[in-house]
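The structure appears right after this line, and notes come after that.
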Amino acid sequence: MTQDPMSPSPHALARGIFGALALFAVWELAARLFDLPSYILPAVSEILARFWTARAVLGEAAAYTLGEALAGYLLGGAIGVGLALAVTLVPPLRKVIVPAATAVNSVPVVAFSPLILLWFGMGVSSKIVMVAVAVSFTMFVSALAGFDRVDERSVNLMRSFGASRAAILWKLRLPTALPLILSGMRLSTVRSLIVAIVTEMLGAYGGLGWVIYQAVIVIDFVQVWAAIFVASVASLGFFAVVSLLERRLVFWR
Amino acid sequence: MTPAEEPILDLRRLSKTFGEVQALNGVDLAVQPGEFVTVVGPSGCGKSTLFNIVAGLEEPDAGSVLRFEGQSVHARQLLGQVSFMPQRDLLLAWRNVIDNAILPLEIEGANKAEARAEAQRMLPEFGLAGFADKYPHELSGGMRQRVALMRTFMFKRDLMLLDEPFGALDALTRTMMQRWLLDVWQKHKRTVLFITHDVDEAIFLGDKVLVMTARPGAIKLSRKVDLPRPRGADLVTSPEFISLKRELLDAIEEESMKTFGPASH
Amino acid sequence: MTPAEEPILDLRRLSKTFGEVQALNGVDLAVQPGEFVTVVGPSGCGKSTLFNIVAGLEEPDAGSVLRFEGQSVHARQLLGQVSFMPQRDLLLAWRNVIDNAILPLEIEGANKAEARAEAQRMLPEFGLAGFADKYPHELSGGMRQRVALMRTFMFKRDLMLLDEPFGALDALTRTMMQRWLLDVWQKHKRTVLFITHDVDEAIFLGDKVLVMTARPGAIKLSRKVDLPRPRGADLVTSPEFISLKRELLDAIEEESMKTFGPASH
Amino acid sequence: ADLESVSLRLKWLPQAQFVGFYMAKAKGYYEDEGLDLAINPGGPNLLTENLVATGADTFGLSGGTDSVFAAIEKGLPITCIGISHQETPFVFVSKADGPVQEIADFKDASITTWFTGANYVLFGMLAANDIDRTDMNIQPQQVSVTPFVDGQVDVVTATRYNEYYTLMQRVGEENLKRFVPEDFGVSFPRDTLIVGNDFAAEHPELVQGFMRASVKGWLDAFADKEAAIDLIMKEAPTLERPHQEFMLDEVEKIMLAGAAAEQGLFTIDMDAVSSAHQILVDYDVLGGPIDLEAAFDSQFIDAIPSAERLPE
Amino acid sequence: MAGAQPVARRFGAVLPLLKGVVVLAAVLLAVELLVIAFDIRPYVLPRPSAVLEAILRTPAAYRDAMVRTGLETLLGFGAGALFGIWIGIAFSRLRFLRETIFPIFIVSQTIPVIAFGALVVMWFGNTILAKAVIVFYLTFFPVTVNALLGMRAVDEKQVQLLRSFGASDREIMRKLRFPTALPHIFVALRIASALGLAGAVVGEWFGDTTGLGVLLLQGMYAENMVAIWASILCSAVLGVAFFAAIGLAEKRIVFWGGESA
Ligand SMILES: Nc1ncnc2c1ncn2[C@@H]1O[C@H](COP(=O)(O)OP(=O)(O)OP(=O)(O)O)[C@@H](O)[C@H]1O
Ligand SMILES: Nc1ncnc2c1ncn2[C@@H]1O[C@H](COP(=O)(O)OP(=O)(O)OP(=O)(O)O)[C@@H](O)[C@H]1O
Ligand SMILES: Cc1ncc(C[n+]2csc(CCO)c2C)c(N)n1
Ligand SMILES: [Mg+2]
Ligand SMILES: [Mg+2]
């Protein structure tokens, strides 16, 4: 066989960096060549420079948003996994919870935003709730698929050892579901940040979304892009951390 | 093997029906302490169902009699009383060899450190010396089976149920495992009920071979195996072996013909 | 079987190395047209590697000689020239029985309707009458194997390679399939190279049995099977069968001991 | 005749606040001026100045004097050619029986306001009344006024035509106390009409025509409010008619207030503009003074006689 | 069993729908009673009957909005699915392309579209195309990820089998890799349908005249809770319909249940 195009090459990282640099180069060139005003597309160099000059504001905002995203992410993860657990432990619940969760998930989260802003105020709690709503469904679906994947024969083996429901859950179901739970968590990282930012744009006291909103008002698009860059870096970092955690925890593949 | 002793397991008129399907129909079976009983029968005849009942996982139909260590019991009372090894190894991927082996002790509430120490001592006997910290995905098929067997052995119950423990292995590896199992069994002297599809294996291992009928399963034939132990590889070509094999094969063929009808198969 | 004929496949000093691992080391092997050759050998000795080379999927090391129908060829020239059935059935879940069977013809660019009609005609012979429109998940293990075999037969090439086609089946179903394969083979008279782990199977099916050495694989022993055809179930208890089996088992045991060292296994 | 395709970008979705433009379009006034005008609604995070500057839209009804200043400062090539709301369209509201009875009470009150311009009006009001806002409790205001209704907030910001209506519905007008910026020496004219500089230079006659048609549309809307509201309800059927009727009444007052009372609709009152400008300079919202004369161009609106810009 | 099957099949499509409607009605009734019993203020939670009444007062507005938002979603989703699959195939064959471009795709998904309404309007105008583009942007990514994952899930032994029949790379893609990836692709399509609908709704916040996003926005700023709930209800109906349609398509197309052999 010739080399498998599916497996990663040894140059994967270099190529990724090359791709990013190439994009930046084209972007910079386009911005300069066509002399684009910043309200259409600011040059990358300009954005990176702002990265530095506005580092205090951006850093604080990023910490604020990451805090919200992380809290909502954990809460949503707990809710999603908890619901999946409930459905697994009390099978009749499945018929109620699965369709309800599907219906709720079919509504775009932004549609809930006015209600959630109303119920939970403009502070961090509304962001946390929004992120939790967005994350919990993904986690519910992933965890449920994970719990369902448990081999009935393994359950029977545990029962033959005299294991209780709780012991089976703790020693068998949870570890079996872990790979799917973690891949759901990996997917949810990017989403949690986006939802936090978007909710901040609808009303907040701080955070990257708030910075973006303010910057749009004063037509400062360099600031908007700088905030987006920060968000992207934060997302990638969050993604990488969870991926690392995943590789650590699911060492058996 | 003193046949006069009271049987450890005694089943009478044991039946089991799943909705429309009758899986077992009047199984009569007695196993003496220390005996190695092998069970063969066509696919789908109810062998695993029988084991599930004896392991306490399913209740038999009303009217069935299930006696264990001299007492009449409900199947569920046997949960935790019998060491059961299902058809595949079913190792937990996130536990290493030692921790897979001590799983039943952990569930019993034993001290973890002590259980680990005990398992560590048993490793060489199971040909797993030096593999304590390996995870299932780092083991070969034969080694995984041995870990599963070790787990079953660590759950020290007088009766062991082994459901096609070597079903997934190739013929050569299987031969090695059989010899090794006899070694270990002879040392530990436990009572074994062993399901297999392979008649050679049934004769090679068993003190007694049971042939089950096609579904609904019952005991069609029961044969003592009067071959000397320890048994070597050349046994399979001995005349006694061959004549017993012939008899068993004929019985099985008769039953499996009922299963492998021209269209049903 | 006229041994004087020119061999359809002729391998000399065939070797294959994967990085550090030498899988095959000087395999010498000639197969006559119409011959049924079975290959046994310890796990990991290079049987599948040998088949992959003959199917054109891997190139052997430099210095190896590979002759097919009288001509010296590169392995890749054999792609599409040999009908190859891998260890498992590998049916495509989204194609029904007929469409799985005609897959190789489709790839050859044959007219689909004609290929289907031809497959339809062959179904009864493969015990699949009435199952044309069924999908793999609706079939039993034995039936799936027969579809895979039918697919291999429909790819009409003079040489067929069957890599443990019955490896995944239980002993009883396997026996049924063996008898059926001999029936079909005798009607179609194709050349067959057949890998198995099961010595009984190797003798029961083959005109010639090859035993391979442990890795790196070479031919250790080659034995003609002078048993009359058609062969029945009672053959396995005949003296000739048993003595041949003994000889082969000894050879295999010697080799597999090299593989199943105390720690390596 | 050949109509020129142009567009007007609003600051928000269709509602009575903009009905004059819909009226002018319905009556064919834009076509009479040689314009094939499309009315594009706005939305959150959509900046009218931006869209006009890039040529995506020809005309815009933008946020207000404050957003025009910001655009000019950032170098966007746009000019304001008319001001719709002559005085600050929002007020600060407290409860009639609540702790905030006069501006001095703001000091210890919890206040919410929009940080999109309204906050500077508030700061200006506080400064004009010698109140130091450095350690006051001023928070961003969310879409809903419920926190105020529920008593969690003492002072809330409300547009006179929108949130104030909601407050009247939920609390009752008699229970509300209004703080009008103009009463405290601060004024922010809003809802500014803007055009791209290139377009204005190339087609001054079309800009002129646009202004003429728009003025006529608005006067028609004031003259026949029933028809005007019908028009809006057709554009946005899920709106509440009584609210839209209230909105039109309020908008009429705001559009005809101040200098417009004499000079007519869309008057650019440079005094009001520079006073708003001064507040933003004082608070360092703007990096420095901008060239107001260049940014606000009265020639198009002044070309229409005042008599034609006032109701009968 | 044999007799029951055709009957079950005939009602198979209708029965769950019917059941869904009954369940929905029951839930709405329960909420209605709850709101009345606990005297919940309409600003916290309006009565479902009031919401339904609002929809029935201007049914055309809600119908048009659903049609419009549905159409936007459908267009963008279709394009996103096709592009996602196509680029997934390209990525699976061209490693250099994948390793260079894929990280950029990941980063692209961290950009909140609503911050760039102006750019969208500038580039695509106030057309249905603009919304479809946003939906496209949100949907193609999960599809690409899963298509790639699915094509990697192929059994290498099956690839070898087809090679031995003399199959080309293209034939292997068509006859093996793509069908193997289909179940994974459908999982992505389910996720993407909800994302896509959200994209269409947000897209309508960039200056549009019809659509559920417009109704939602109007409800939000007029603090009309009934109108907000009415648009939520409509988008739930639309979302569930999309989800169900994909499920139905999946059942038809991936009839073998996803196992690869
Ligand atoms: N939970 C169940 N519900 C319904 N039918 C069942 C159930 N468990 C087993 N059966 C049926 O009972 C019969 C016996 O099954 P069982 O698994 O005991 O067979 P077996 O002899 O172990 O077969 P194999 O050799 O293939 O393992 C089969 O026809 C099976 O379909
Ligand atoms: N692509 C490869 N790269 C590296 N080593 C390989 C590769 N293919 C096979 N091998 C090695 O070559 C040896 C022979 O493998 P092969 O699959 O041919 O054995 P086999 O005789 O078919 O075994 P089994 O009976 O278990 O099927 C093994 O040690 C295997 O690990
Ligand atoms: C953060 C924020 N800023 C401004 C307004 C005011 N506002 C902007 S659009 C609109 C509707 C049209 O009149 C109103 C009232 C608000 N509500 N929230
Ligand atoms: Mg079984
Ligand atoms: Mg092999």
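Letters go in sequence order (proteins before strands), and every chain restarts at 1. Side-chain atoms are counted along with the backbone in the values below, which use heavy atoms only and exclude waters and symmetry mates. What you are looking at is a predicted structure, and each value in this text was computed from that prediction instead of being measured.
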Any chance you could measure E:Asp208, atom CG, to E:Asn126, atom CG, to the nearest 0.5 Å? 6.0 Å
Report yes if some heavy atom in the side chain of D:Trp12 is under 4.5 Å from a heavy atom in the side chain of D:Leu61; otherwise report no. no
Relative to chain D, which segment of E:Val214 carries a heavy atom at a distance below 4.5 Å: side chain, backbone, both, or neither? both
Counting only heavy atoms closer than 4.5 Å, note whether E:Ala227 contacts chain D via side chain, backbone, both or neither. neither
We want to know whether D:Ser62 and D:Glu49 form a side-chain donor-acceptor pair, criterion being a heavy-atom distance below 3.5 angstrom. yes
Flag side-chain contact, heavy atom, 4.5 Å: D:Met168 against D:Phe246: yes
Applying a strict 4.5 Å limit to non-hydrogen atoms, the region of D:Thr146 in contact with chain E is both
Under 4.5 Å from any heavy atom of chain E - which part of D:Leu239: side chain
Heavy-atom cut-off 4.5 Å, strictly under: side chain, backbone, both or neither for D:Ser144 against chain E? both
Worked check of side chain to side chain contact (heavy atoms under 4.5 Å, CB included) between D:Thr48 and D:Asp57: CA-CA 8 Å; D:Thr48 309; D:Asp57 288 296; over 6 Å; no
Which of D:Thr166, D:Val145, D:Asn40, D:Ile39 touches chain E most, by non-hydrogen pairs under 4.5 Å: D:Val145
When you compare the side chains of D:Asn162 and D:His243, does any donor N or O come within less than 3.5 Å of an acceptor on the partner? yes
Highest number of heavy-atom pairs under 4.5 Å with chain D: which of E:Thr209, E:Val44, E:Leu217, E:Val120? E:Leu217
Looking at chain E, which one of D:Ala38, D:Gly43, D:Ala236, D:Pro44 has the largest number of heavy-atom pairs inside 4.5 Å, strictly under? D:Pro44
Heavy-atom distance under 4.5 Å to chain D: side chain of E:Tyr62, backbone, both or neither? side chain
What is the distance from atom CG of D:Leu3 to atom OH of D:Tyr30, rounded to the nearest 0.5 Å? 14.0 Å
